[in-house]
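Data first, discussion second: the structure below is written as structure tokens.
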Amino acid sequence: MQNFVYKNPTEILFGKGMIREIAGRVPQDLSVLFLYGGGSIKKNGVYEQVKAALKGHRVTEFGGIEPNPLYETCLKAVEVVKKEKIGFIMAVGGGSVLDAAKFIAAAACFSGTDPWTILLEHGANVKTALPIGTVLTLPATGSEANGNSVISRGATREKLYFFSPHVFPKFSILDPETTFSLPVKQVRNGIVDAFVHVMEQYMTYPAHAPLQDRMAESLLQTLREVAPSVLNKPKDYEARATFMWSAALALNTLIGCGVPQDWSTHMIAHELTAFYGLDHAETLAIVLPGVWQYKLTAKKKKLEQYGQRIWNVKTAKEAILKTETFFHSMKMPTRLGDYKISAKEAARKVRERFAERDSVFGEHNDISPDAAAKIIASRV
Ligand code: NZQ
Ligand code: ZN
């Protein structure tokens, strides 16, 4: 096992009715920015619950954070933060709203001249940030319990991430009832995203970390088992609770402690979203089997272990096939052709971009721009 430091400062408040707990957790003397997305929270009662919990506070609202949140929109929110002397950000929505809150919280305190460098330097230049609380309404990203944020720049079609210990939420409310209103497509996306988060921290090579392996496998197994109920029974509280907790644990930094990590699927997938506008999880489902196929030899032992323990199959190839079948069972396509996107063109665009940035990814640092292009080209 590799050395590691484990620190997760986010307090999780889980269950029915927990939104009211906001009241005692946001300091009375701080002005609050109530950040949300395109309006789903106004249709499912979440908006009213948050407003009620913040009754005693001075609140400024900022709605309109889009899926794959835009840098340009975040900068508008930063202006509001400065004008209204905001001291606390309450983010209510899916991963996009939470990620936007993290960027706004960091950019509002940023002393450099160009906030875009927060993303170019992946957060290394973030020295402090405003405190954040969240109410999560879409289990998927794990943003509710980590220090990651992914922001897109509309003008240049870039999508970059940053990490900072300063942007972990102070607290996150996870009430499974807030997910009852999710469209089935977002539920499917959430299952796939959480599943792939586990994979990025698991599907590498044996690393003398049997506990991390078993924890990762229990998340994969649980996501697999709960998927049909989560997809088909929107008001099944227990299934939604299991899903919500699984997605949080998939990327709250715990299962990645002391083990090699990959993340090449995410890095390639972000580019596909940036160029073609596909949902985050849609791009993951395309890229993941391609990365595994390309790294079949290096990942063979773990693919076999995963295949045996989760799907009861023997070979690495069968494990890949089972995973694609699982995605298809949720009506999640796994090929670029399913979206009428030319794999050849996508491969060229992503290769160029990674070459410009000198990017290499993967647990062996061998997913070069050329390798990424080959992976994409194989997903016709
Ligand atoms: O904007 P509203 O109206 O709220 O609607 C949203 C949005 O249209 C809707 N929605 C959310 N909760 C709902 C709901 N509709 C009905 N009922 C509810 N309860 O769902 C749509 C998608 O929301 P979004 O927040 O974009 O989805 P998701 O949570 O999948 O977040 C995706 C973003 O997170 C990034 C992705 O790249 C992408 O930008 N990621 C963040 C990570 C992190 N912070 O650790 C890691 C991930 O790998 C990922 O990259
Ligand atoms: Zn993801």
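Remember, it's 1-based here, ligands and their atoms both numbered in the order they're listed. Sequential numbering from 1 along the given sequence is applied to the chain's residues.
- The closest approach between any non-hydrogen atom of Leu251 and ligand 1 is below 4.0 Å.
- Shown in contact with Val150 at under 4.0 Å from a heavy atom are these atoms of ligand 1, numbered in order with element: 37 (O), 40 (N), 41 (C), 50 (O).
- In terms of protein heavy-atom proximity, atom 35 (C) of ligand 1 is closest to Asp99 OD2, 3.5 Å.
- Heavy-atom contacts from other residues, nucleotides or ligands closer than 6.0 Å to CZ of Arg353 number more than 12.
- Here Glu363 pairs with Lys299 in a salt bridge; the nearest charged N to carboxylate O distance falls below 4.0 Å.
- If you check which protein heavy atom lies closest to atom 49 (C) of ligand 1, you get His280 NE2, 3.3 Å.
- A salt bridge links Glu217 to Arg309: at least one charged side-chain nitrogen sits closer than 4.0 Å to a carboxylate oxygen.
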| Check against side-chain hydrogen bond (donor to acceptor under 3.5 Å, both in side chains), Glu66 and Ser96 | CA-CA 7 Å; Glu66 48 287 281; Ser96 293; over 6 Å; no
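- Gln212 and Gln201 form no side-chain donor-acceptor contact under 3.5 Å, judged by distance and modelled atom types alone.
- The single protein non-hydrogen atom nearest to atom 12 (N) of ligand 1 is Thr137 OG1, 2.8 Å, given as residue, atom name and distance.
- Geometry note: the Zn ion (ligand 2) is the vertex, Asp193 OD1 and His197 NE2 are the arms, and the angle is 80° (rounded to 10 degrees).
- At a heavy-atom cutoff of 4.0 Å, ligand 1 is contacted by the side chain of His266 but not by its backbone.
- The distance criterion of under 3.5 Å between nitrogen or oxygen atoms is met by Gly39 with respect to ligand 1.
- When only non-hydrogen protein atoms are considered, atom 17 (N) of ligand 1 lies nearest to Ser181 OG, 2.8 Å.
- The proximity of Asn189 to ligand 1, defined as any non-hydrogen pair under 4.0 Å, does not occur for either the backbone or the side chain.
- Proximity of Gly190 to ligand 1 is not established, as no heavy-atom distance is less than 4.0 Å.
- Considering each of His270, Lys185, Glu200, Lys159, the one bringing a non-hydrogen atom nearest atom 36 (C) of ligand 1 is Lys159.
- The environment of CG in Asn312 is sparse: at most 12 heavy-atom neighbours from other residues, nucleotides or ligands sit within 6.0 Å.
- Seen from the ring of Tyr202, Lys302 counts as a face-on cation partner, given the 6.0 Å and 45° thresholds.
- Look at Gly93 and you'll find every heavy atom at least 4.0 Å from all atoms of ligand 1.
- Taking a cutoff of 4.0 Å between a charged side-chain nitrogen and a carboxylate oxygen, Arg188 and Glu282 qualify as a salt bridge.
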| Trace of the side-chain hydrogen bond (donor to acceptor under 3.5 Å, both in side chains) decision for Tyr276 with Glu345 | CA-CA 11 Å; Tyr276 298 102; Glu345 181 203 78; 2.5 Å; yes
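- Residue Pro69 has at least one heavy-atom neighbour below 4.0 Å for each of these atoms of ligand 1: 39 (O).
- Between Leu278 and Ile286, the shortest heavy-atom distance links the atoms CD2-CD1, 3.8 Å.
- The Zn ion (ligand 2) lies at the vertex of an angle of 100° between the NE2 atom of His280 and the NE2 atom of His266 (rounded to 10°).
- The shortest separation from a heavy atom of Ala281 to ligand 1 is not under 4.0 Å, leaving the residue out of contact.
- The single protein non-hydrogen atom nearest to atom 42 (C) of ligand 1 is Thr141 CB, 3.8 Å, given as residue, atom name and distance.
- Given atom 23 (O) of ligand 1, the protein heavy atom at minimum distance is Leu138 CD1, 3.5 Å.
- Scanning Asn146, Asp279, Leu182, Ile151 for the heavy atom closest to atom 18 (C) of ligand 1 points to Leu182.
- Counting the atoms of ligand 1 from 1 in the order shown, those under 4.0 Å from a heavy atom of Pro183 are 15 (N), 16 (C).
- For ligand 1, the atoms sitting less than 4.0 Å from at least one non-hydrogen atom of Asn148 are 43 (C), 44 (N), 45 (O), numbered in the order shown with element in parentheses.
- Not a single heavy atom of Ile41 lies less than 4.0 angstrom from ligand 1.
- By the neighbour-count criterion of 12 heavy atoms within 6.0 Å, atom CZ of Arg357 is densely surrounded, having more than that number from other residues, nucleotides or ligands.
- Residue Gly38 places at least one N or O, backbone or side chain, under 3.5 Å from an N or O of ligand 1.
- Figure legend: Lys16 and Tyr237 shown as a cation-pi pair, the cationic atom lying under 6.0 angstrom from the six-membered ring centre and within 45 degrees of its axis.
- Protein heavy atom in closest approach to atom 33 (C) of ligand 1: Ser96 OG, 3.5 Å.
- Nearest heavy atom pair, residue Ala106 against residue Val126, reads CB-CG1, 4.0 Å.
- Cluster annotation: Val198 and Phe243 are assigned to the same hydrophobic cluster (Ile/Leu/Val/Met/Phe/Trp/Tyr, side-chain heavy-atom contacts under 4.5 Å, transitive).
- Salt bridge status for Glu324 with Arg379: present, with a side-chain N to carboxylate O gap under 4.0 Å.
- The protein heavy atom nearest to atom 38 (C) of ligand 1 is Asn68 OD1, 3.4 Å.
- The closest non-hydrogen atom to atom 15 (N) of ligand 1, taken over Ser40, Pro139, Gly37, comes from Ser40.
- Those atoms of ligand 1 that come under 4.0 Å of a heavy atom in His197, given as number and element, are 46 (C), 47 (C), 48 (O).
- By the 3.5 Å distance cut-off applied to N or O atoms, Ala140 is not counted among the residues near ligand 1.
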